[in-house]
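Letters go in sequence order (proteins before strands), and every chain restarts at 1.
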Amino acid sequence: MINRILHSTEGRLAAITLGVFVAMAILVPDRFLSPANLTSMAFQFPEFAILALAVSVAMLTGGIDLSVVGVANLSSVIAALFMSHFAGDGQGAGLLIAAALLSLSIGLTAGLFNGLLVAKFGLPPILATLGSGLVFAGLAIAMTGGSAVMGLPPAVAWVGNGTLLGIPVPLVILAILAAGVGWALKYTAFGQKTRMFGANPLAARYAAMGTERVLLKVYGLCGMLSAVAGLIVMSRANSAKADYGSSYVLLAVLIAVLGGVNPYGGYGRIIGVVLAVLSMQFLSSGLNLLQVTNFAREMIWGILLIAVMLINLVSFRSKP
Amino acid sequence: MPTDTQPAPLVTLEAVTKRYAAITALDNVDLTIRAGEAIGLAGENGSGKSTLIKVLVGVEHESGGRIMFDGEPQSRLTPTAATAAGVQVIFQDFSLFPNLTVAENITMTAERATGTVLVRNARARARATEVLNRVGVKLDLDARVERLPVAHKQLVAICRALAADARLIIMDEPTTALTEREVARLLDLIRTLKADGVAVLFVSHKLGEVLEVCETVVVLRNGAKVAEGPATDFDSASLTRAMTGRNVASEPPAPLDPTAPTLLKVEGLVRDGAFEDVSLSLRAGEVLGVAGILGSGRTALAKALFGLARPDRGRVSLDGQDIPLGDPIAAAAAGIGYVPEDRLTEGLFLEQSIAHNIAIGRFDAHAKNGVINLGNLWGEAADWLKRLSVKTPDATAAVRSLSGGNQQRVVLARWMARQPRVLILNGPTVGVDVGSKAEIHGIMADLAASGLGVIVISDDLPELLATCHSILVMKGGRITEVVPGGAGVTEADLSHKLAS
Amino acid sequence: MKSFDWKRNEVLVFAVIVAFCVVAAFSDPNFLSIPTLTDLMRNSIVLGIFAVGAMVVLVSGGIDVSFTAVAAFAMYATTVMLRDLAPDMPWPLAFAIATSIGAALGSINGFLIAICGLPTLIVTLGTLSVFRGFLLTFIGTLQISNLPPGMRDFSRWMMIRGTNSDGSFYSLPWAFMALVIIAAATWVILNRTMLGRAIYAIGGAPESARRIGINVRRTQFFIYVFVGALAGLAGIIHASMARISNPFDLVGLELSVIAAVVLGGARLTGGVGTLTGTFLGVALIVLVRNSLIVIGIPSTWQSVTIGVLILLGTGLPAWQAKRAEARAA
Amino acid sequence: DSHSKQLATVVKIDGIAWFDRMRQGVDEWAAETGNNAYLVGPAQADPQQQVALIEDMIAQGVDALLVVPMSPEAIEPVLGRAMEAGITVITHEAASQQNTLYDIEAFKNEDFGANLMDRMAACMGEEGEYAVFVGSLGSQTHNQWVDGAIARQMEAYPNMTMVGDKNETADDQQQAYAKAQEVLRAYPNIKGLQGSASTDVAGIGLAIEERGMEADTCVFGTSLPSIAGQYMETGAVDGIGFWDPKIAGIAMNQVAMMIMHGEEITDGMDLGLEGYEAVTLEDKVITGKAFVDVDASNMAEYNF
Ligand SMILES: Nc1ncnc2c1ncn2[C@@H]1O[C@H](COP(=O)(O)OP(=O)(O)OP(=O)(O)O)[C@@H](O)[C@H]1O
Ligand SMILES: Nc1ncnc2c1ncn2[C@@H]1O[C@H](COP(=O)(O)OP(=O)(O)OP(=O)(O)O)[C@@H](O)[C@H]1O
Ligand SMILES: [Mg+2]
Ligand SMILES: [Mg+2]
């Protein structure tokens, strides 16, 4: 049984995540396991986990989305401008819903733009999204002059800071999105096509699969996920700005890869991504409690990534 | 015969075994190759031919047994050592460098063998030109190989092997992409090589070629050597029996019902630079062959019919309904299917499961509001595996694990599951063994019998003659003639019509 | 005879550069001047060396995002070493040390990629974090602005010097020669040696390369060591010219460098890339980054401009290639 | 023991000279008072990472949080949570911060900017073109300095003109250098350049040195002697202004301690620290008079 678990990438990752958790619980037992710390962690990781989810979906097709943070900020800046413009009218929740829909549609549009670049114009995804990410971030700067948009209605705070039945709202949103994306990849025609396209784009074309549509949908989905992450960031910062979370791009890529998503396409499971996010967060918070400098944390992430790859390698080789 | 005066054989294999995990790809194979000798290596798909070659040149390492060059045992042979010993290979997949030029590809191995550190362009180009002349083809030395048609790539691969001063040239199915004329040229070349004392190990599914050029024939089955003897002892039938362990007979196509309705109608189709003014019609139950020499536009036509390329002018209609041009999805929806030339890159999702490879076109059909009924989907895939008797214990295994013939059946099953009206097969039996080949021909006949229209593009003239009701001859992008299939015309006639 | 291919990326990028210069010259007649040229050349040195390395890796079918961390590491470690142990060390020795540190870090990439066979993107993404994290955790975080005299001497060593009509100076440091030498050496390796052929070969078809006896692992290992060494050298040149050794520097440039190289026609899938294209790509990026004020684009729109440029620069050729492919199909 | 408190100073980014100087102050203060006071900062200059770090500090159960915000707006909610949890929150360089007990400012930002302008104008002979640089267009303090300077120029120096927009340097010396080159090319007659990020004047100074324009230009800005010193030596940079982050760090910890001990902060109070001898209190903002003017003549007095 244990052997079976350790034979799958996700199984090994689960073991590692558990290992990190136990190690931290032993090293700083009182504080790591304290409710305050557990809640704090639960508030922290959803925003970049959602970005990692978006990157993973793009990676499944053999692409990548480096524009996630740009999209998140552009959509939240526009939503914030919208809300601060109408905030005086006092209809908090209604305004929030309208703003959320607006930001989702911005995310979708930005994502479709990426999809268009990749599918119709044949740009390599890494450059298409690098360039479009700069454009999205740049538009947000141009709209705001670089400063933060404030004056949001109080209802906004609930998205990033509230709880639902005692569970942090961002975590609830993440759970719904992860489950939804995981389910869609497995049980819908779109999900199956995404995976198959990633495995061999040329053969997908020869099999009369609508490859352009699939790519458009994939990047559109990435854009919407990014917009959700943007909403959470906006709510947690109670403002929107063009450069929030700019360090999350490479982190999201790192998490996706650590989660076992094949950057060349065709393989990846959402459960792996979730486990990778958890192990990162446990490590990160634990090391903070141990007062290890944040630079060491960066190093340890890198080591973790390479170590997981090496372990995968060794266990692939030792298969009978 | 006084054995002591005879030099040690060029290559000797003693009880060579190669295992990949559970699979025994080579099982105690003995083989001797002497200077100036051509040996034909025959066997069905997956019988171990390519593996034998890889072991012989150090790309893979034997799990047991001994390899000797000139009587010297070789321990842990490397490609460099094999090249140094004068062994050159034309790999089944050509193993060329698509990003390099023709000249660079041809001279790469030879130049490396000289041990030079610096590139000697002038010398290399002279060498490449010389070899190209010897093979009798004209190619632009500076063209990137990725831009060449398949046949030219194969010629480059052949030239590369010739450019090095080889003592043994191994040819793993070197004629699959070549037309009759080029094959004849290659066979001539092999005779010259032999006269010069070069040995040739010739692997081919085209039994006629093997028997024509080789003096000895070795037959592998399931990795083991099952027959060996002078070529004169074999004929096509006995060789087939040795390879498959049974008799395979080809049947002529069932006669076409003269009242069958017209399915596909193509009128004045033009794609500048590829084909001109193509008109044809295909009836239900008809198998239509397309023959032509290299670059005659057959593949371009097939792709245009399937929407992978957009024709400049003309109409295509199915059951009287016009099909939008340049859109494979519309073509597939209208009922046209296409089994591509290159199975590995265009046909299969190698790392994905066999079931996925079959189901690729059926996701939408089994989905309601986008949600797939997985039970039905996999059930259907399993059903097709059974109907086409694909040999695999497990539909969830990666399709890579199947042999060529079974892989081709998977691609066929994918299209059959979509119940097309017209199926276009491009090189349906390329790299497929005799046994599987006959079965694939059987599947084609069944399809036609069930009312489909089938278009077959092939370089294998006997195949076209045996399976088609009529055959279109394409030359320079135009259909120049329509000849009847079956016994209506002989292979030599057809070959002449193409070449003239 | 090779016929000239007008559709190559190089031509396109060159045309964009010319167009940009024309617009800039119209809005500011002083734009077309020697100081502009020397400024651009000076600003291209470090990016150019990085780009050469990135190009070689792309040609071999890999991708390296860790080179900026290697450069920062080599640069800062060398400065610290000089400051604490041998302040009077002449610059050639210091440069040799930085280059060796770069090569050593590159060999870690090489080991993981060539020997262990891990995917290049993942490895270098990991080592990017590791090198940077190690540098900042164990070697130091404070920028050193009092550079050892050797490094300062190097930065003041001018190849070209002149006075403008308005009395200001322009100058080009000898550091530019480093770029020229590296370009020449890389050109020889790629185009005139069998090693270079092997690099193109493994980028085009690794399995075929293995079959004809090219030692793929050794070649890959060499590439990552070479790129590491280049990065180390670029790092120390950067510190010398900026007169400051800042361990936070450089990291973050990696994707722009890769974008410049691809702009110049190198393929992300490997096997294709030229030095001419690479330098044109670098020139374009440097030009745009440093001349937006001149053509009147406010800095709030800078990010959009560079983004659009990357999209156009990679998009037009990609679209052309796609159409050409559709035609050839 | 029960008197010892845990005070976490969370800064914009860890590892740079400025905050290392602040750490010195925090460490000295901790040693002196016997409290567990320390300084932390994110590895990258990203407001979200600072938020995450503050979350972790709250979870650790610190008694006081002393924050130098990367972006005051972004940390409003998390500081709100900290205050709800009963943590004593003090900020620095964030006069607009809502969720804080007190914000400590070394000086009034507009005054500081105007002071730099006065020094630059004097150097320029009160006439000619000048340009301004900010670390980022979104940085409140940088913009206040520069706006204060521009306002001062408008009212007092009619013969001076600003050329171009605010130039953004991303707090990066290399970018400041490239931007300065560009400005020098675009406006060859320029006489004044004013920087905001501590690395701005260094980048500008390098560009000036390379062109040999040390004597023709006046470069002023916020910086530290350790960064700008070598350019002040050659005259490429003419003068810098700053406040001592070490004292600011001590001030934050001190004020927090006073509050936890129930002491009240009043207008005109003496915090017992250099430059904070008579602070003004306006709403929540405690403002000192702690700016230091440095040029080549007195730079040797400051070793950071
Ligand atoms: N790398 C490998 N790993 C596992 N099994 C392999 C590998 N390479 C070949 N095989 C297996 O070894 C057997 C022999 O394969 P081989 O390619 O030598 O056959 P072949 O006679 O050349 O067939 P074909 O006519 O299709 O070229 C097959 O069953 C194949 O699946
Ligand atoms: N003589 C030629 N040499 C090279 N290319 C040619 C020549 N004639 C035509 N072509 C081009 O080659 C392309 C490929 O032709 P196509 O593949 O349709 O030929 P084919 O007869 O189907 O070949 P095969 O079936 O052997 O692949 C066409 O698009 C055409 O533009
Ligand atoms: Mg084979
Ligand atoms: Mg063809």
Side-chain angles (χ1 to χ4, degrees), chain B residues 53-54 57-60 78-84 88-89 91 93-101 104-105 107-121 124 140-147 149 157 160-161 164 271-274 299-300 303-304 307-310 312 326, chain C residues 1-5 7-8 55-56 58-62 185-219 222 265-274 277 321-329:
Chain B
I53 294 168
K54 287 180 195 163
V57 295
V59 173
E60 300 282 353
T78 62
T80 315
T83 312
Q88 281 297 319
V89 192
F91 284 100
D93 61 4
F94 314 155
S95 289
L96 294 173
F97 302 102
N99 54 327
L100 299 183
T101 65
E104 287 165 343
N105 264 288
T107 55
M108 179 76 109
T109 343
E111 286 288 291
R112 281 181 53 79
T114 65
T116 173
V117 171
L118 296 180
V119 171
R120 312 258 173 91
N121 267 332
D140 177 4
L141 284 182
D142 296 312
R144 278 194 183 162
V145 163
E146 63 192 345
R147 300 210 176 142
R160 180 170 79 179
R271 188 171 153 82
D272 294 331
T299 302
K303 284 185 173 175
L308 288 164
R310 185 185 295 276
D312 297 303
Chain C
M1 249 350 274
K2 275 186 195 178
S3 62
F4 191 75
D5 184 355
K7 285 187 176 155
R8 286 167 57 165
M55 190 269 283
V56 173
L58 284 186
V59 165
S60 77
T186 309
W187 187 86
V188 169
I189 292 179
L190 285 183
N191 297 301
R192 285 288 174 267
T193 68
M194 291 307 282
L195 174 65
R197 265 302 140 71
I199 294 173
Y200 276 100
I202 65 175
E207 182 58 27
S208 306
R210 200 168 76 88
R211 285 188 184 166
I212 66 162
I214 292 174
N215 193 331
V216 176
R217 290 177 171 202
R218 201 160 59 196
T219 313
F222 165 81
R267 274 191 214 161
L268 284 165
T269 44
V272 178
T274 62
K322 204 176 144 129
R323 284 183 10 156
E325 202 177 299
R327 279 231 60 87

**Residue selection (most heavy-atom pairs with chain C, distance under 4.5 Å) from D93(B), T78(B), T83(B), V89(B)** =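 Answer, by heavy-atom pair count under 4.5 Å with chain C: D93(B).
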
**Fill in**
Per-residue tally against chain C (heavy atom, under 4.5 Å) across L141(B), L96(B), V57(B) peaks at L96(B)

About how many Å separate [atom2] of [Y] and [atom1] of [X], when rounded to the nearest 0.5 Å?
X       : Y       : atom1 : atom2 : result
R192(C) : R120(B) : CZ    : CZ    : 12.0 Å
R197(C) : E104(B) : CZ    : CD    : 4.0 Å
T80(B)  : I212(C) : OG1   : CD1   : 9.0 Å
R160(B) : S208(C) : CZ    : OG    : 6.5 Å
T109(B) : R211(C) : OG1   : CZ    : 13.0 Å

**Request:** Ignoring hydrogens and angles, tell me if any N or O in the side chain of R112(B) forms a donor-acceptor pair with the backbone of G213(C) under 3.5 Å.
**Result:**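 Yes; at least one donor-acceptor contact below 3.5 Å.
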
**Asked** Can you check whether Y200(C)'s main-chain N or O pairs, donor with acceptor, with N99(B)'s side chain at less than 3.5 Å?
**Response**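 Indeed, once roles are kept as given, a pair shorter than 3.5 Å links the two residues.
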
Counting only heavy atoms closer than 4.5 Å, note whether [X] contacts chain C via side chain, backbone, both or neither.
X       : answer
T116(B) : both
N105(B) : neither
L100(B) : side chain

**Request:** Show your working on side-chain contact (heavy atoms from CB on, under 4.5 Å) between V117(B) and M194(C) and close with a plain yes or no.
**Result:** CA-CA 5 Å; V117(B) 171; M194(C) 291 307 282; 5.9 Å; no

**Item:** Region of I189(C) that comes under 4.5 Å of a non-hydrogen atom in chain B
**Value:** neither

**Message:** Tell me whether R267(C) is salt-bridged to E146(B), with the criterion being a basic N under 4.0 Å from an acidic carboxylate O.
**Reply:** yes

